[in-house]
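A, B, ... follow the sequence lines: proteins, then strands. Residue 1 opens every chain. Given the structure is predicted, the values throughout are model-derived calculations rather than measurements.
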Amino acid sequence: MNMTIDLDKYRHSTAHLLADAVLQLFPGTKLGIGPAIENGFYYDFDRDVPFSDADFESIEAKMRDIVSRDLPFERQVVTREEALALFSSLGQDYKLDLINNLPSDEEITVYRHGDFVDLCLGPHVSSTGELGVFKLISVAGAYWLGDEKNPMLQRIYGAAFATQEQLDEYLKKLEEAKLRDHRILGKQLELFSIDEQVGAGLVYWHPNGATIKREIERFWEDEHLKRGYDLLSTPHIAKSKLWEISGHYGHYKENMYIFPVGNEEYVLKPMNCPMHLQVYKSRIRSYRELPIRFAELGTVYRRERSGTLHGLFRVRGYTCDDAHIFCSFDQVEEEIGALVEFSQYFVRCLGFENLQIELSLMDPAHPEHYIGSPEVWERSQATLRHVLQSKSLEFIEIEGEAAFYGPKIDFQLIDVYGHKQQGSTIQLDFNLPERFDLKYVNSSGGEEYVALLHNAILGSIERFMAAFIENYGGAFPMWVSPVQVALLPITDAQLEFASQIHEELKDSGLRVYLDDRNEKLGFKIREHSKVPYQLVIGKKEVESSCVSVRHRSRGQIGTMTSSEFKSLACEEVQNRVIS
RNA sequence: GCCGGCGUAGCUCAGAGGUAGAGCAGCUGAUUCGUAAUCAGCAGGUCGUAGGUUCAAAUCCUAUCGCCGGCUCCA
């Protein structure tokens with residue numbers, strides 16, 4: 001028996017329970033759809049009065065009442081006419097809409113329990129008595145059939161599990177996740193702020209957050225230089241002409257910040273690609289130079305819709321870690337292979353082991369949505385697939401997810417909420433080389449179009465840092481920690497010795513904080529509980545010229561000289577240990 | 001952009017027509033302390049912003065900005 005399918009059935013049946021309860025309590029409500037989802041279910045309702053959290057109690061009570069009546073679920077096959085008649089008599093317009101959109105040869109089934117009837121494919125549990133482990137979570141707006149031109153319905157989300165323990169565990173996990181929320185930690189640890197006075201979606205990195213960001217960026221630069229990339233630095237604004245050539249002005253205009261300067265019009269860059277292409281184009285390129293690998297930590301600005309902003313995950317100005325590789329077509333496979341290795345290596349070094357790899361392909365039903373010939377697509381997609389297979393990587397293929405300009409490989413990080421977060425992306429581009437006329441001179445002196453690869457390992461440093469902060473719950477790996485070592489003198493009699501150690505450790509490049517406040521040791525330890533190492537300095541330590549080393553998760557490690565500690569700490573930093 | 005909820009001290013929140021309150025943080029003082037919260041005192045707010053209703057608005061209404069949960073979007 002497949003547990004996943006079983007649980008889906010359970011959740012879907014619970015959704016029916018919810019709809020039944022709502023109809024009993026609020027007659028006249030129209031039903032949308034109510035599927036099983038990860039961790040539970042939802043059901044969409046059309047009702048004039050908004051549901052409030054206060055309604056949840058009575059709805060849940062009614063649902064439990066239906067459970068206790070142990071009503072059997074009954075499947076019934078009906079003709080299209082019967083179905084239309086049934087739901088039209090019930091005034092369920094959205095169901096009529098669904099029926100009318102079903103393929104003509106589709107068998108139509110309805111499921112009943114008690115007086116409740118719903119258009120539904122099933123399957124369901126056999127009786128409402130089997131249900132009962134659920135909790136309504138939230139209500140939110142959702143467009144009918146996901147189209148913003150359609151009316152907006154009210155969606156009630158619920159959690160449902162096979163056992164009460166699993167439900168409790170899930171609810172507990174939600175609570176715990178709140179404590180790791182990067183927006184909360186960002187404030188507590190003074191990592192960053194977003195000031196409504198100055199603009200939504202614009203991030204201010206405070207000293208602590210800026211330190212983490214700088215360390216990650218240094219690592220990023222080091223690793224790119226090691227792999228034969230040249231680092232660029234390009235302007236933040238450019239005349240509209242550039243964006244007309246790139247095509248952004250036609251397709252992406254509503255997301256761009258555009259402003260007049262004299263008689264000219266400028267654009268704040270939403271992407272770095274055109275800039276990098278300009279550098280490529282600055283002179284004739286020879287096949288001998290290929291592959292050329294350009295990379296930049298470029299700050300870009302995009303006018304994202306107001307409702308989509310979300311902490312650091314979705315902002316309007318961010319650092320894009322952009323790389324572009326210009327190569328010949330027969331170098332593509334090798335370059336892609338290197339990019340896949342690089343991406344995986346990089347995010348693993350930052351503590352992300354759980355990756356989901358997606359290969360995004362064109363939609364074969366709509367070749368007209370894409371540029372480039374079907375043969376080129378076919379060959380490129382096969383190349384990407386072959387790279388992943390040759391590395392024995394598990395991946396899923398998604399048709400229709402490709403960009404219009406080429407197929408891509410995406411790496412999804414899994415965050416503490418279990419949500420996927422976009423990580424690395426590797427994209428083939430059939431569009432820009434032609435638009436920008438990017439060529440090189442081949443070995444026989446002829447001109448050829450260059451192949452263009454886009455690669456972003458982190459995508460957005462800001463977005464990545466949100467996931468990074470949550471992944472570590474604010475207790476960062478030693479090498480990125482804003483404070484790596486906290487010095488905790490027990491009384492002010494040890495201040496002088498502590499200051500000496502402070503200087504000594506600082507000189508070796510460590511980020512050290514001397515807590516010289518007149519507070520008790522326990523208080524200081526608590527305050528620095530996220531700092532990797534806390535050095536306790538009391539009377540005994542001064543007398544023996546030592547420090548008592550305490551690690552934030554391993555507890556007391558022992559007493560050692562400052563130079564012994566220094567080499568231990570520096571080694572951990574140099575090796576970029578991630579624990 | 002859309003639906004719903006919410007904006008009160010640096011932070012977390014209480015107050016629900018009668019003139020603003022707690023804890024933590026901060027400051028001052030006392031305490032000199034051995035591995036996750038020492039005690040006391042002081043100070044701190046045009047209640048997001050702008051209008052309106054009212055004798056009186058943090059509280060009711062309107063608009064606006066922002067935040068939260070989703071939807072949509074992410075050439």
Polar pair under 3.5 Å, donor/acceptor by atom type, side chain A:S548, base B:rU35:
yes

Atom-pair distance (CE on A:M152; P on B:rG69), nearest Å
16 Å

P gap between B:rG44 and B:rG10, integer Å:
12 Å

In whole angstrom, what separates A:K520's NZ from B:rA36's P?
12 Å

Between the base of B:rG70 and the side chain of A:Y42, is there a donor and acceptor pair under 3.5 angstrom?
no

Is there, by distance only and without an angle test, a donor paired with an acceptor across the side chain of A:R183 and the base of B:rC68 below 3.5 Å?
no

A:F468 and A:F476 aromatic ring geometry - parallel, tilted or perpendicular at 30°/60° bounds:
parallel

Quick one: do the A:T425 and A:Q427 side chains pair a donor with an acceptor below 3.5 Å?
yes

If we take the C1' atom in both B:rA22 and B:rG45, what is their distance in whole Å?
14 Å

Using a 3.5 Å distance criterion without hydrogens, assess whether the side chain of A:D410 forms a donor-acceptor pair with backbone atoms of A:L359.
no

Using a cut-off of strictly less than 4.0 Å, decide whether A:K187 has a side-chain nitrogen or oxygen near OP1 or OP2 of B:rU12.
yes

Pairwise C1' distance for B:rA16 and B:rC47, with rounding to whole Å
13 Å

When the distance from CG of A:L312 to P of B:rC67 is rounded to whole Å, what number comes out?
12 Å

Of A:L268, A:I237, A:V267, which is the lone residue that meets side-chain contact (heavy atoms from CB on, under 4.5 Å) with A:Y257?
A:L268

Is a donor-acceptor contact shorter than 3.5 angstrom present between the side chain of A:E541 and the base of B:rG34?
yes

Contact under 4.0 Å: A:R314 side-chain N or O vs B:rC73 OP1/OP2:
no

Most 5' of A:A140 and A:Q154 on RNA chain B, judged by nearest nucleotide
A:Q154

Kindly compute the distance separating CG (A:D516) from CG (A:L488), expressed to the nearest 0.5 Å.
11.0 Å

Given the C1' atoms of B:rU54 and B:rU19, what is the spacing between them in whole Å?
14 Å

Nearest-neighbour nucleotide for the A:P50 side chain, B:rG69, B:rC71, B:rG4 considered
B:rG4

If we take the P atom in both B:rG17 and B:rA43, what is their distance in whole Å?
31 Å

Which nucleotide in the list B:rU35, B:rG26, B:rA75 gets nearest to the side chain of A:F404?
B:rA75

Within less than 4.0 Å of OP1 or OP2 of B:rC67, is there a side-chain N or O belonging to A:H310?
no

